[in-house]
Amino acid sequence: MVTRLRPAQLPLRLRLTLWYLLALGLILLLSGLLLYWQVQRGLLSQVDTGLQLAAAQAAANVTPWNDGFTFQNPDGSPALARLREDIAIRLLSEDGTVSDSLSRAAEAPVVVPTAGYGTHTDGDDSWRVYNERLHLPVTSAGGWLQVTQSLESMEQTLLLLRLQLLWGVPLALLLAGAGGYFVASRALLPIDRITRTAQSINASDLSRRIDH
């Protein structure tokens, strides 16, 4: 029959160490989650800023054409030439059909346009999308300017951060547990001496004294 130790039956130094590890573990867990959330938010904010700047530069080269829109002289804009390497820039009609494109990222999906930012997931791939409404100058008709960028680089950074947290937190707890047990043992050493002295005092030997 296996006898299970209750927490109160564990040595005091071990109980102190376990409580210390529990408190430290909760602190590290909350700190890790907060750090991960802040890094994720910061990276996504950088992507959104890049998409908005790309949309502003692309919009400056948009011109009406055949009841829709097209890009005017895109090859003559060095800024757009750099953008198209990493960002898909497209002009969409009202029904979401592509009317013109600057994208060299052929794998970038065409997403149903909705004003503002959004994240589109296609299988294992994730994309950040920014849509901006366009209006023809003389009619109520219009279209959309859509810029899309892959989130692969951001996801790789977050994966590396998760791996560092998964390795770092247990290692920190292991080192802290060893240090905490050592400190608890040193702190309780006088109490151990008092206990041993008290146990050695009996009716046949009353000469032993407990130190101040």
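Of the options L51, V147, V62, N61, a side chain to side chain contact (heavy atoms under 4.5 Å, CB included) to I89 is made by V147 and by none of the others.
The side chain to side chain donor-acceptor pair (under 3.5 Å) test applied to D95 returns S93, T97, not counting sequence neighbours.
In the hydrophobic clustering of this structure, V129 does not group with L134; members are Ile, Leu, Val, Met, Phe, Trp, Tyr whose side-chain heavy atoms approach within less than 4.5 Å, directly or through other members. Transitive grouping of hydrophobic side chains (ILVMFWY, heavy atoms separated by less than 4.5 Å) keeps V110 and L151 in distinct clusters. Residues L44 and Y130 share a hydrophobic cluster, clusters being chains of Ile/Leu/Val/Met/Phe/Trp/Tyr side chains in contact below 4.5 Å. Both L158 and V47 are part of a single hydrophobic cluster, where members link through side-chain heavy atoms under 4.5 Å apart. Criterion: ILVMFWY side-chain heavy atoms under 4.5 Å apart, direct or through other members. Under it, Y20 and L28 are part of a common hydrophobic cluster.
Note that CD of Q40 is 11.5 Å distant from CG of L35, once rounded to the nearest 0.5 Å. Going from atom CD of E152 over to atom CD of E155 covers 7.5 Å, rounded to the nearest 0.5 Å. In this structure, L161 CG and T157 OG1 are separated by 9.0 Å, a value rounded to the nearest 0.5 Å. If you take CG on L91 and OG1 on T63, they are separated by 10.5 Å, rounding to the nearest 0.5 Å. In this structure, CG on L33 lies 11.5 Å from CD on Q38, to the nearest 0.5 angstrom. Distance CG/L26 to CG/L30: 6.5 Å, rounded to 0.5 Å.
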Fill in: Audit row: L160, Q156, side chain to side chain contact (heavy atoms under 4.5 Å, CB included) steps and yes/no
CA-CA 6 Å; L160 180 60; Q156 289 178 349; over 6 Å; no

Practice prompt. Take V39 and Y36 through the test side chain to side chain contact (heavy atoms under 4.5 Å, CB included) and record every step on the way to the result.
Written response: CA-CA 5 Å; V39 171; Y36 185 86; 6.0 Å; no

Fill in: Trace of the side chain to side chain contact (heavy atoms under 4.5 Å, CB included) decision for W144 with E132
CA-CA 6 Å; W144 295 89; E132 184 176 308; 6.0 Å; no

Discussion item. Walk me through whether T49 and Q52 qualify under side chain to side chain contact (heavy atoms under 4.5 Å, CB included).
Written reply: CA-CA 5 Å; T49 300; Q52 190 173 25; 5.8 Å; no

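Side chain to side chain, Y117 and R128 fail the donor-acceptor criterion of an N or O pair below 3.5 Å.
In terms of heavy atoms, P109 sits closest to Q146 at O-OE1, 4.2 Å. Heavy atoms only, all atoms of each residue included: P170 and L166 are closest at CD-O, 2.9 Å. Closest approach of G50 and I87 over heavy atoms only: O-CD1, 4.3 Å. Among all heavy-atom pairs drawn from L21 and A176, the shortest one is CD2-C, 4.1 Å. When all heavy atoms of F69 and G142 are compared, the pair lying nearest together is CE1-C, 3.8 Å. Nearest heavy-atom pair across L92 and S99 is N-OG, 4.1 Å.
The closest donor-acceptor contact from the side chain of R90 to the backbone of L145 lies at 3.5 Å or more, if one exists at all.
At a threshold of 4.5 Å between non-hydrogen side-chain atoms, the residues L22 and W19 count as touching.
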